[in-house]
Amino acid sequence: MMAGGTFSAIEHIFPKNQKFLSGAFSRLTKGRLWLQVLIAMVLGIGTGLLLNPDTEIVSRPVAIGIGEWLALPGNLFLAFIQMIVVPLILASIIRGIAAATDVRQLKSTGVGLAFYFVGSTIVAAALGVAIGLMLTPGNYVDRAVVPVVELTGQVAELAAQGEAKAAKPFSLVDIPTGITELLPTNPLNSIVSGDMLQIVIFSIVLGMGLLSVPPSSSKPLFELLGSVQEISMAIVATVMTFAPVAVFGLLAQAMIKTGPGILAGLAAYAAVVVLGMALLLVFYLITAAVLGGRNPLEMLRAIREPFLLGFSTNSSAATMPVTVKTAEEVLKVRPSLAQFIVPLGATMNMGGTALYQALATIFMAQLYQIDLSTGVLMALIATTVGASIGTPAVPGVGIVVLASVLSSVGVPLSGLALIVGLDRILERFRTSLNVTGDLVACVVMDRLVPASVSRESEISSAAQREHIHETQGEDVVISS
Ligand code: ASP
């Protein structure tokens with residue numbers, strides 16, 4: 001079918017650009033959501049530390065009870081984002097593929113992206129390992145202030161799964177099976193179980209399939225997906241307005257559980273993580289300069305809005321419309337590339353997450369005084385790259401995926417309970433970096449992938465589409 005060369009269909013289908021969905025988000029950025037989130041973070045930490053049983057203002061059971069209630073809006077917030085992310089990603093990737101102006105460009109972008117995603121994520125993970133080994137954050141923790149905390153909920157469940165997986169000895173024969181398992185034999189099952197990697201692969205296959213059928217056949221599904229995408233985004237935009245309240249409650253609860261002693265003990269760890277993120281930002285800026293030909297200072301200015309929104313929402317997926325808009329309007333990346341790269345990058349390209357998971361593993365190994373051999377460190381980088389690709393672009397899940405990374409290199413999982421509270425803050429940094437990595441991918445591909453259609457004609461036909469959309473309300477248009 002695809003080999004039959006019937007790809008001409010894509011010339012006639014004009015899916016609406018994702019950046020239109022960013023409208024609802026503009027009030028968030030105009031309202032300085034990031035500042036509200038920062039204030040909420042400080043207030044949440046303060047309230048939590050005040051209510052911590054150690055201060056003896058309230059008794060332990062009362063403090064725990066208050067913490068649960070304070071965290072309620074935040075837990076509802078997380079559940080909403082998780083609820084919406086599967087349809088959103090599915091629709092965005094399929095429509096992103098449909099935005100391709102020609103198949104050759106799509107193929108070369110796909111190959112280039114695979115190299116870029118894997119290559120930059122390996123660098124990020126290696127950076128995490130290197131600074132972890134050099135700065136040894138695990139040695140600064142006063143073990144006396146670290147109480148033994150029980151793993152609970154989703155983290156405990158995943159920890160058990162990760163442990164079971166790691167207990168099985170690895171053999172080369174597992175690789176072909178692993179590759180086959182990437183393809184979902186039952187896509188509905190992947191959707192139900194929220195297996196993000198399988199969902200992404202299914203979306204790519206479906207998107208390619210849709211491109212090879214006549215426009216009249218693909219139009220209904222494109223339109224349906226357009227509605228799904230728009231509705232999901234409307235929900236996300238509404239939910240986002242509650243981000244400050246959510247952050248406040250979640251941090252207050254985390255601090256009630258964590259306490260000032262543990263927090264102070266983890267200060268060195270937090271500082272090393274933030275330093276790592278700063279170094280990763282430098283790496284991204286150098287990559288954008290060398291491969292994408294962009295001035296680092298201009299790049300930094302350009303990415304500000306999605307960077308801060310990533311920090312505030314804590315979700316690369318929720319930030320997507322603003323990322324696309326920035327890529328197209330500020331960085332002047334070809335629309336077809338931006339719409340293809342951003343949804344894929346949001347789910348698969350997570351340099352910040354890779355750096356964090358590698359560094360956190362080294363930190364825990366130091367905490368438990370486990371020596372990691374060079375072989376294990378290599379395996380750690382490989383596992384982290386895979387795990388970050390599979391981490392869903394939603395808040396609160398990166399730490400859960402970390403459980404399987406830890407168990408794969410034999411580091412006890414109980415340490416997770418220690419950093420879970422602090423992670424509510426640190427995950428914001430890695431989300432901002434994940435979003436930055438996607439924008440750098442856009443500028444790099446925009447420079448390296450040859451275009452068959454000139455940027456000007458692509459932009460003018462995009463404007464034409466926008467006009468058709470505005471005047472006729474049509475989302476998908478068959479032009480001949
Ligand atoms: N929340 C992050 C993101 O959406 C993923 C993570 O937690 O590592 O990019």
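As the structure lists them, so they are numbered: ligands from 1, and atoms in each ligand from 1. By convention here, the first residue in the shown sequence is residue 1.
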Determine whether more than 12 heavy atoms belonging to other residues, nucleotides or ligands lie under 6.0 Å from atom CZ of Arg304.
no
The protein heavy atom nearest to atom 2 (C) of ligand 1 is Thr431 OG1, 3.3 Å
Can an N or O of Val394 be found at a distance shorter than 3.5 Å from an N or O of ligand 1?
yes
Min over Thr353, Thr347, Asn314 of heavy-atom distance to atom 5 (C) of ligand 1 lands on Thr353
Less than 6.0 Å separating the ring centroids of Tyr269 and Phe363?
yes
Considering only protein heavy atoms, which is closest to atom 3 (C) of ligand 1, and at what distance to one decimal place?
Ser316 OG, 3.2 Å
For Thr431 and Ser315 the tightest heavy-atom approach is CG2-N, 3.4 Å
Would you sort out whether Thr353 and Thr391 count as a side chain to side chain donor-acceptor pair (under 3.5 Å), showing the intermediate values?
CA-CA 8 Å; Thr353 300; Thr391 303; 5.5 Å; no
Is there a donor-acceptor pair closer than 3.5 Å between any side-chain N or O of Asp438 and the backbone N or O of Val342?
no
Any side-chain to backbone donor/acceptor pair from Thr241 onto Thr238? Under 3.5 Å, distance only.
yes
A student checking ligand 1 against Ser315 at a 4.0 Å heavy-atom cut-off should list atoms 4 (O)
For ligand 1, note which part of Ile399 has a heavy atom under 4.0 Å away: side chain, backbone, both or neither.
neither
Which of the numbered atoms in ligand 1 are under 4.0 angstrom from any heavy atom belonging to Gly398?
6 (C), 7 (O), 8 (O)
When only distance counts, is Thr391 in polar contact with ligand 1, meaning an N/O pair under 3.5 Å?
no
From Leu331 CG over to Met299 CE, what is the distance, rounded to the nearest 0.5 angstrom?
5.0 Å
Which residue owns the protein heavy atom closest to atom 6 (C) of ligand 1, what's the atom, and how far is it?
Arg430 NE, 3.3 Å
Can you sort out which atoms of ligand 1 are near Ala393, meaning under 4.0 Å from one of its heavy atoms?
4 (O)
